[in-house]
Amino acid sequence: MAPFQLEKAYDPKAVETRWSHEWLARGYFHASPEQPGQPYCIVIPPPNVTGSLHVGHALNHSLQDILIRWRRMQGRNTLWLPGTDHAGIATQNVVEKQLMAEGLSRESLGRERFVERVWQWKATSGNTILNQQKQLGESCDWGRLRFTMDEGLSKAVIEVFVRLYEDGLIYRGERLINWCPRCLTALSDIEVEHEEVNGKLYTIPYPLDEDPSQHLVVATTRPETMLGDTAVAVHPEDPRYNNLIGKRVRLPLTNRTIPIVGDAILVDRTFGTGAVKITPAHDFNDFEAGERHKLNRIRMLDIHANLLNESELSLATKAMPETVAALAGLSTQKARPKIEQLLADQQALAKVESHKMSIGKCYRCKTVVEPYLSIQWFVRIQPLAEPAIKAVEDRRIRIVPESWVNNYLGWMRDIKDWCISRQIWWGHQIPAWYCEQCSGGFLRSKHDNRPLIDLDVKPIVAKSKPEKCSHCGSTNLVRDPDVLDTWFSSALWPFSTLGWPEQTQELKTYYPTSTLVTGLDILFFWVARMIMMGLKFMGDVPFKDVYIHALVRDAEGQKMSKSKGNVIDPLHVMDQFGTDALRFTLASMASPGRDIKLAEERIEGYRNFANKIWNAARFALMYLDGPRTALPPGQRTFPDRWILSRLGRTIHAVTTELESYRFDRAATVLYQFIWHEYCDWYLELVKPVLQTPEHPDGASARHTLVETLETTMRLLHPFMPFITEEIWQTIPHQGDTIVVQNYPVADPAWAAPDAEQHFGLLEQTVGLVRTGRVLLNYPPGQQIPFYVGHDDLNRQNQLNQLQRHLAHLSRGTAEVSLTHDWPAARLLRLVAEGLSVGIAVAEDVDLKKAIDRLTKQITETDKELHRVDAKLKNAEFASKAPPEVIAEHQDRVRALSRDRALLANSERQLRAMLVT
RNA sequence: GGGCGGAUAGCUCAGUUGGAAGAGCGCUGCCCUUACAAGGCAGAGGUCACAGGUUCAAUCCCUGUUCCGCCUACCA
């Protein structure tokens, strides 16, 4: 017996550290266009540079690595392209927080120094997540690491911006946009998270100008914006009010009158009072209504979402002096109760009711966003969206699971222009310049000194700063201070990372990429936009498949968040249970269409799985010394033929499941095969052979033992890369690494249906014996005389073999004999495929317990029999059921009846023994 | 408001051309048997959310209801 070459328990840490370094050092993950094989490429969803690996990444990256390692082993020219995202607002916020801690601010530093500072920060801590990714075993081609703000990608961004501008698909406009009063920047529609809150609905009578004793009563949830009202709308067909259209009301708290307009779009007659105040500068609907009715837009909030200061507020709103004095400079939150009080004092508040409403929050800092009137850059999205819709409709892009297709299409068909300018400093600055000469000079923002450029100043959009103004020749050109939405550069990711706008070999080889793996939270942010940009600039889809996986939640189904303290840190888990265990857990839980509720116990379970594999390998290593020959399948023994047949099925199943992105089922199949077939049964079946020196079946057993293990390691490798590599290196193998070995393909010669059938028989029989042993309280070590009856003498050989295994699996303490006279023995049970197994009852068993059990079983069998019989009668009577189904039912009834008879017989006999 | 998904064992979830209800974890009992106690064996535990319909037959197909998620939206 060879000494163990492996430790008794698997210690993941040492193995993982060693291999993650070794793989990189040996360059196994490097891909190049020259390599043979059909290309397979995944671009990673670039994590934020600010980030560290959270469990969402761990899921996302594990699934990608499974695909990548699998395809690499299949011989594809496989590239997994890694990178990070500059994450404009998020990163800027992080660095700003640091500055704040130092008593500094970005304004005090100035733009240039601030951006420098961010780069500096990126240089020192931007690699955190990359190292963590390597720890997870990700087989990226790290030599191709890209960053959304590196030189090449920035070039691509500029190129795209200029081309879109030249095509008329980018424009500058004054619009109401979502404004984050904390980040002080515009946001796109999807960067706003909606949340339902309990608000109030205020009902306020506005007196008619011609007769102040009459009122038009409006309802609003935001009374503080009423100072900015420029009209009241009613439904043109509302008999209560339509005679008022064209008249004016006096706006409370101000010295203004405003018109009453009819607007069927804005007004829902059944809601509130049926009359709506219109505040075009501070509400999206009102803005549009204002356009329709050519209303003034009174802006009464500043960039911090505070009411303007006294002089500005007074000028803008014509509010009463005491109103201005009370409200000027207040935040909207503070202004609301104040204005409620002012109205109440004047008996100008009809009622206040509670009301459910939804508010928008900044997705980066959770501050309530404010609709804000400002000049921004937009992408005219409709012309880009149409081909992107088509690509999914005609399945040039396959979305998995399909249920997301409608979601995607719905969103795309209803898409609005994309606001791409951000008033921050960290990002790709917009390549547009303005001539200060032509425009007669720019005002500067009090807040951060940025130039305020009117809409009528025409921008010069170019790849680099123009020498001079083409109109007046001035060299006094000022660059647009805004930067682009982070998602603008992400949208180019599948081709910008491959070298675009240069026509590189990489681009030719790997574009379109094969699969995109992503969470559904960025389907619109990222996936949709990549499709649009890819089609526009590459003329082809950016990827063929989009696999959308679920969100990871905690064991209670709560979203993980630091504030709730329910975060599972993947690094901690990897440290505790091993990386392979975490990866396998995530894969096994990645069922489509359901969120993942992750509990540590699950990971622990798969840690045990890793240990099981480890020990199976140890076992195999013990018996490798004897001769191993390559044997034709015909000479293999029954257990060997059985396990190879099962292996073949497993290989087929795993491959099929991976092809349809069913990571969960692939994982289950592997787990089942390795633990419950290879370990529980196969190893036990060959154990007596291996442990007997010079056993005639020894060579076959040793050969199959290792062959199966080696193949299984390759099959499992994409899921559990570390332990499989370590074991594979220890057992006989050819090659330097498992990473680039062939992925197993089932050998048709392995198929052995007869062996599988025989195994079924064995399994059932052994099960019966074991049940009987427990039921009758046979202590371990005590002999169990049991009898195997059979009604087919031609099966003698099979039976002999069965006996051998049976004897062993019953711990070698059983005495087996054949009998045709089994009712004469005191039998307990039962039947399996024409074989009957009986166990003789020992002297000292608890008969009462056994009888109770039997009685219960008889009752259950009766119930079942009744049910099946009813079904059968029904089917026969109607004579519509297929004959084979009726036959099945008949068989079933027969089998149940026989079972019942045997059980009853056994029960009777035991009762008889009880009496004596 | 609209759309999508879910409801199956104590927990987490599988379960497709409708035809005898499954796994993991947990729990109970017995075993430290020389690969593994991070283990082995056995066992308990289900009106497949509710109500109808189609069918010889429904966890599965159809309709409605309830309860959870999620996405989306301009009901002041």
Side-chain angles (χ1 to χ4, degrees), chain A residues 1 4 6 8-10 190 194 201-202 218-222 233 265-268 270-273 275-279 283-289 355 357-358 401 403-404 406-407 410-411 414 520-521 523-524 550-551 553 555 557 577 588-589 591 593-599 601-602 604-623 664-665 668 671-672 676 679-680 683-684 687 691 767 770-775 777-781 811-813 853 864 867-868 871-882 884-886 888-889 892 895-896:
Chain A
M1 190 187 289
F4 286 124
L6 302 176
K8 191 166 175 179
Y10 175 56
I190 51 175
H194 291 91
L201 186 64
Y202 301 82
V218 304
T220 179
T221 54
R222 299 196 61 188
I265 299 173
L266 182 67
V267 180
D268 171 1
T270 63
F271 185 87
T273 59
V276 188
K277 71 190 205 55
I278 302 182
T279 322
D283 182 279
F284 288 103
N285 289 322
D286 294 5
F287 179 83
E288 281 170 25
H355 176 67
M357 53 193 264
S358 84
S403 51
W404 288 102
N406 283 335
N407 227 310
W411 188 75
D414 198 29
L520 54 92
D521 48 333
L523 181 63
F524 303 136
L551 237 57
R553 298 167 176 279
F577 300 118
S588 73
M589 298 181 85
S591 303
R594 215 189 262 249
D595 281 345
I596 296 177
K597 295 183 191 169
L598 187 64
E601 296 82 66
R602 304 305 303 272
E604 191 179 353
Y606 289 114
R607 185 272 313 263
N608 297 352
F609 178 50
N611 197 50
K612 188 77 180 175
I613 298 168
W614 185 254
N615 279 292
R618 289 177 72 230
F619 176 81
L621 283 171
M622 286 169 67
Y623 299 106
D664 57 330
R665 292 210 285 218
T668 307
Y671 185 94
Q672 203 66 27
H676 296 306
C679 293
D680 283 354
L683 295 186
E684 296 301 333
K687 201 179 266 182
Q691 287 173 345
R770 284 171 174 171
T771 305
R773 166 205 273 283
V774 170
L775 194 62
N777 298 329
Y778 275 93
R811 306 282 172 232
T813 59
R853 262 288 300 263
E864 179 70 11
R867 246 179 53 205
V868 177
K871 266 185 167 182
L872 179 62
K873 291 268 153 51
N874 209 343
E876 279 175 342
F877 180 72
S879 70
K880 270 188 191 172
E884 63 272 19
V885 170
I886 292 183
E888 269 177 41
H889 284 164
R892 175 82 178 132
L896 281 169

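The structure presented is a predicted model; accordingly, all values stated were derived computationally and were not measured. Proteins come first, then strands; the chains are lettered A, B, ... in the order of their sequence lines, and each starts at number 1.
The side chain of A:Met589 approaches B:U12 more closely than any other nucleotide in the set B:U12, B:G24, B:A76. In the set B:A35, B:A76, B:A73, B:A73 carries the atom at the smallest distance from any side-chain atom of A:Ser358. Of the candidate nucleotides B:G19, B:A73, B:C36, B:G19 has the atom nearest to the side chain of A:Val885. With distances taken from any side-chain atom of A:Lys8 to the nucleotides B:A73, B:A37, B:A23, the minimum falls on B:A37. Closest to the side chain of A:Asn611, from the set B:A35, B:G19, B:C36, is B:C36. Of the listed nucleotides (B:G19, B:A76, B:G24), B:G24 has the atom at the smallest distance from the side chain of A:Arg602. Looking at the side chain of A:Asn608, the nearest of the listed nucleotides B:A37, B:U72, B:G39 is B:G39. When the nucleotides B:G40, B:C13, B:A76 are ranked by their closest atom to the side chain of A:Ala219, B:A76 comes out on top. The side chain of A:Glu601 has B:C25 as its nearest neighbour among B:G19, B:A76, B:C25. Checking B:A35, B:C25, B:C56 against the side-chain heavy atoms of A:Asn874 singles out B:C56 as nearest.
Using a 4.0 Å heavy-atom distance criterion, A:Lys277 is classed as making no nucleic acid contact. Within 4.0 Å of A:Glu288, counting heavy atoms only, lies no atom of the nucleic acid at all. Residue contacts for A:Val868: at a heavy-atom cut-off of 4.0 Å it reaches no nucleic acid atom on any strand shown. Using a 4.0 Å heavy-atom distance criterion, A:Tyr671 is classed as a sugar-phosphate-only contact. Among the protein residues, A:Leu266 comes within range of the nucleic acid bases, having at least one heavy atom under 4.0 Å from a base atom. Among the protein residues, A:Thr668 comes within range of no part of the nucleic acid, since none of its heavy atoms lies under 4.0 Å from any strand. Among the protein residues, A:Phe524 comes within range of the sugar-phosphate backbone only, with heavy atoms under 4.0 Å from sugar or phosphate atoms but none that close to a base.
A:Ile265 places none of its side-chain heavy atoms less than 4.5 Å from the side chain of A:Asn285. Between A:Trp411 and A:Leu523, every side-chain heavy-atom pair lies at or beyond the 4.5 Å cut-off.
Spacing of C1' atoms, B:C13 relative to B:C48, comes out at 13 Å, to the nearest Å. Taking atom P in both B:U12 and B:C68, the straight-line distance is 16 Å, to the nearest Å. Nucleotides B:C4 and B:A76 are separated by 28 Å at their C1' atoms, to the nearest Å. For the P atoms, the distance linking B:U17 with B:A37 amounts to 42 Å, nearest Å.
Between A:Arg607 and the phosphate of B:G24, there is no side-chain N or O to OP1/OP2 separation shorter than 4.0 Å. The phosphate of B:C13 has neither OP1 nor OP2 within less than 4.0 Å of any side-chain N or O from A:Ser591. At the phosphate of B:C56, neither OP1 nor OP2 sits under 4.0 Å from any side-chain N or O atom of A:Lys873. A:His676 has a side-chain polar atom (N or O) that falls below the 4.0 Å cut-off from OP1 or OP2 of B:G24. When the side-chain nitrogen and oxygen atoms of A:Asn615 are compared with OP1 and OP2 of B:A38, none of them lie within a distance under 4.0 Å. Residue A:Arg665 places none of its side-chain N or O atoms closer than 4.0 Å to OP1 or OP2 of B:C13.
Atom CD of A:Glu684 and atom P of B:G39 are 15 Å apart (whole Å). If you take CD1 of A:Ile278 and P of B:A76, they are 15 Å apart, rounded to a whole angstrom. Rounding to whole angstrom units, CG of residue A:Leu520 and P of B:C70 are separated by 11 Å. The CG atom of A:Asp680 sits 11 Å away from the C1' atom of B:C36 (whole-angstrom rounding). In this structure, the CZ atom of A:Phe577 is 14 Å from the P atom of B:C25, given to the nearest Å. Across the protein-nucleic acid pair, A:Glu604 atom CD and B:C25 atom P stand 11 Å apart, rounded to whole Å. One can place CD of A:Gln672 at 6 Å from P of B:G24, the figure rounded to the nearest angstrom. Counting to the nearest Å, the C1' atom of B:A76 and the CG atom of A:Asp286 are 7 Å from each other.
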Contacts under 3.5 Å, N or O only, protein and nucleotides 1-5 of chain B:
from	atom 1	to	atom 2	distance (Å)
B:G5	O2'	A:Gly593	O	3.3

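Residues meeting the salt bridge (Lys or Arg N to Asp or Glu O under 4.0 Å) test with A:Glu876, sequence neighbours left out: none. Scanning for side-chain contact (heavy atoms from CB on, under 4.5 Å) contacts around A:Tyr671 gives A:Phe584, A:Tyr606, A:Phe609, A:Trp675, A:His676, with sequence neighbours left out. Applying the salt bridge (Lys or Arg N to Asp or Glu O under 4.0 Å) criterion to A:Asp664, with sequence neighbours excluded, gives A:Arg662. With sequence neighbours excluded, the residues forming a salt bridge (Lys or Arg N to Asp or Glu O under 4.0 Å) with A:Glu604 are A:Arg607, listed by chain and number.
With rounding to the nearest 0.5 Å, the separation of CZ in A:Phe271 from NE2 in A:His355 is 4.0 Å. Distance check, rounded to the nearest 0.5 Å: CD1 of A:Ile886 to CG of A:Asn874 gives 10.0 Å.
Between A:Phe284 and A:Gly605, the residue anchored nearer the 5' end of RNA chain B, judged by the nucleotide with its closest heavy atom, is A:Gly605. The 5' end of RNA chain B is approached more closely, in terms of each residue's nearest nucleotide, by A:Cys679 than by the other of A:Arg222 and A:Cys679.
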| field | From CA spacing to verdict: side-chain contact (heavy atoms from CB on, under 4.5 Å), A:Ile278, A:Asp283 | value | CA-CA 8 Å; A:Ile278 302 182; A:Asp283 182 279; over 6 Å; no
| note | RNA chain B in dot-bracket form (Watson-Crick or G-U pairs under 3.5 Å, [ ] crossing, | inter-strand) is (((((((..((((.....[..)))).(((((.......))))).....(((((..]....))))))))))))....
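Taking 3.5 Å as the limit, the base of B:C36 and the side chain of A:Lys612 contain a donor-acceptor pair of atoms between them.
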